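Worksheet: the structure to be examined is printed underneath.
Proteins come first, then strands; the chains are lettered A, B, ... in the order of their sequence lines, and each starts at number 1. Please read all numbers here as calculations on a predicted model, not as lab measurements. Computed over heavy atoms, backbone and side chain alike; hydrogens, waters and symmetry mates excluded.
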Protein chains: 2
Amino acid sequence: MSDLLERLRGRGWRMTAQRRVVAEVLDGDHVHLTADEVHARAADKLPEISRATVYNTLGELVTLGEVLEVTTDRRAKRYDPNAHRPHHHLVCARCGAIRDVHPTGNPLTSLPDSERFGFTVEGVEVTYRGVCPDCATA
Amino acid sequence: MSDLLERLRGRGWRMTAQRRVVAEVLDGDHVHLTADEVHARAADKLPEISRATVYNTLGELVTLGEVLEVTTDRRAKRYDPNAHRPHHHLVCARCGAIRDVHPTGNPLTSLPDSERFGFTVEGVEVTYRGVCPDCATA
DNA sequence: CACTTGACTTAGACAAAGTCTATCGTAGGA
DNA sequence: TCCTACGATAGACTTTGTCTAAGTCAAGTG
């Protein structure tokens with residue numbers, strides 16, 4: 001993750017304790033935290049950090065393409081640091097757990113021109129829904 | 001849409017003016033209204049209708065499988081009456097316009113067992129993102 | 001057709017998630 | 001070391017949706 005901090009510095013980011021902490025929280029695979037969860041974890045390390053700063057920093061990371069926003073329901077958006085490896089999501093309908101998955105094929109090619117209605121199609125999100133093993137046995 | 005009203009009556013729905021109006025508003029292809037838009041249009045025909053009733057009725061229609069919820073961002077959920085014809089969505093990143101689309105192939109079969117992590121996969125949503133013709137020229 | 005009853009509706013309070021604003025603080029260059 | 005513009009802060013505000021208590025009415029019953 002320190003390479004993330006390096007990249008950000010290279011892009012002219014002013015490095016602050018708050019931004020460093022937010023970036024550290026968003027480290028690892030299969031991380032899909034809400035803004036509030038990011039705030040809570042960041043506050044463990046830096047108690048004075050404000051919600052607005054967390055929202056601002058997450059927004060900047062998304063704009064820079066370092067983090068993806070994931071919206072699986074009308075609850076809070078989640079933030080996925082795994083932005084440089086294309087992937088989709090598998091969501092548990094009961095507990096909301098999220099896994100990164102890598103389907104075969106490219107869904108972009110399965111949308112024929114006749115179904116594009118003149119849109120310039122730039123991306124695609126695929127969300128598989130199901131029940132996770134924990135919820136299935138419970 | 002009157003067949004929808006018939007189906008609902010057949011399922012034991014008590015028929016009220018409010019429910020009829022909500023069902024009428026959700027008629028047609030490429031209809032993707034937010035709850036507030038449904039409420040506004042319903043209120044044109046029935047001014048006293050309350051927001052809670054619109055939310056309740058939409059929730060019931062979703063539970064009955066007559067209408068789909070579509071979540072494309074952290075803004076309001078949208079309601080899609082085209083529930084009986086499987087389809088996916090093409091969303092304009094600028095203005096938020098939504099079109100129903102029908103890609104080729106079945107994305108469910110492109111998720112190998114090794115990528116299912118023990119989940120029972122029940123469904124899949126595909127959201128294509130791009131820029132619509134109107135926004136491209138503007 | 002009038003009565004009854006529980007399902008339905010209502011207004012408005014409440015809650016969750018996110019945005020905005022005015023002010024204060026500080027990273028990093030001179 | 002000092003300055004200053006960029007960043008952080010608290011908290012008010014907005015949007016979207018849920019809940020509750022009380023009133024209303026659709027439709028079955030006699």
| message | Holding to salt bridge (charged side-chain N to carboxylate O under 4.0 Å, His left out), I want the full list of residues that pass it with A:Arg78, two or more places apart in sequence or in another chain. | response | A:Glu37
In whole angstrom, what separates [X]'s [atom1] from [N]'s [atom2]?
X: B:Leu33; N: D:dG17; atom1: CG; atom2: C1'; result: 17 Å
X: B:Arg9; N: D:dA27; atom1: CZ; atom2: P; result: 7 Å
X: A:Leu8; N: C:dG28; atom1: CG; atom2: P; result: 12 Å
X: A:Arg78; N: C:dA17; atom1: CZ; atom2: C1'; result: 13 Å
X: B:Arg20; N: C:dC8; atom1: CZ; atom2: C1'; result: 14 Å
X: A:Glu60; N: C:dT19; atom1: CD; atom2: P; result: 13 Å
X: B:Lys77; N: C:dA16; atom1: NZ; atom2: P; result: 16 Å
X: B:Trp13; N: C:dT9; atom1: CH2; atom2: C1'; result: 13 Å

| field | Qualifying salt bridge (Lys or Arg N to Asp or Glu O under 4.0 Å) pairs with a residue from residues 52-71 of chain A, counting only residues at least two apart or across chains | value | A:Arg7-A:Glu66, A:Arg11-A:Glu66, A:Arg19-A:Glu60, A:Glu69-A:Lys77
| Out of C:dT9, C:dG18, D:dA8, which has the shortest distance to the side chain of B:Arg19? | C:dT9
| Within one Ile-Leu-Val-Met-Phe-Trp-Tyr cluster: B:Val22 and B:Val62, side-chain cutoff 4.5 Å | yes
| task | Indicate, with yes or no, if A:Leu33 and A:Leu4 share a hydrophobic cluster defined by side-chain heavy-atom contacts under 4.5 Å among Ile, Leu, Val, Met, Phe, Trp and Tyr. | result | yes
| For C:dT10, does either OP1 or OP2 sit under 4.0 Å from a side-chain N or O belonging to B:Gln18? | yes
| query | Is any side-chain N or O of A:Tyr55 closer than 4.0 Å to OP1 or OP2 of C:dG18? | reply | yes
| From A:Arg75 atom CZ to A:Asp36 atom CG, the distance as rounded to the nearest 0.5 Å | 10.5 Å
| message | Working to the nearest 0.5 angstrom, can you tell me the gap between B:Gln18 CD and B:Lys45 NZ? | response | 13.5 Å
| message | Under the rule for ring pair (Phe, Tyr, Trp, His ring centres under 6.0 Å), what residues qualify as partners of B:His88, not counting sequence neighbours? | response | none
Give every pair of a protein N or O atom and an N or O atom of nucleotides 23-27 of chain C that lie under 3.5 Å apart, one pair per line with the distance.
| residue | atom | partner | partner atom | Å |
| --- | --- | --- | --- | --- |
| C:dG25 | N2 | A:Arg14 | NH2 | 3.3 |
| C:dT26 | O2 | A:Arg14 | NH2 | 3.0 |
| C:dA27 | O4' | A:Arg14 | NE | 3.3 |
| C:dA27 | O3' | A:Met15 | O | 3.4 |

| Hey, which of these two, A:Asp36 or A:Asn56, hits DNA chain C nearer its 5' end, going by closest nucleotide? | A:Asp36
Sort me out a list of protein N/O and nucleotides 10-15 of chain D N/O pairs below 3.5 Å, or just none if empty.
none

| said: Quick one about A:Asn82 and A:His32 (side-chain donor to acceptor, distance below 3.5 Å, no hydrogens or angles considered), yes or no? | reply: no
| Sequence neighbours excluded - side-chain hydrogen bond (donor to acceptor under 3.5 Å, both in side chains) pairs with any residue from residues 127-138 of chain B | A:Ser110-B:Tyr128, A:Glu125-B:Arg129
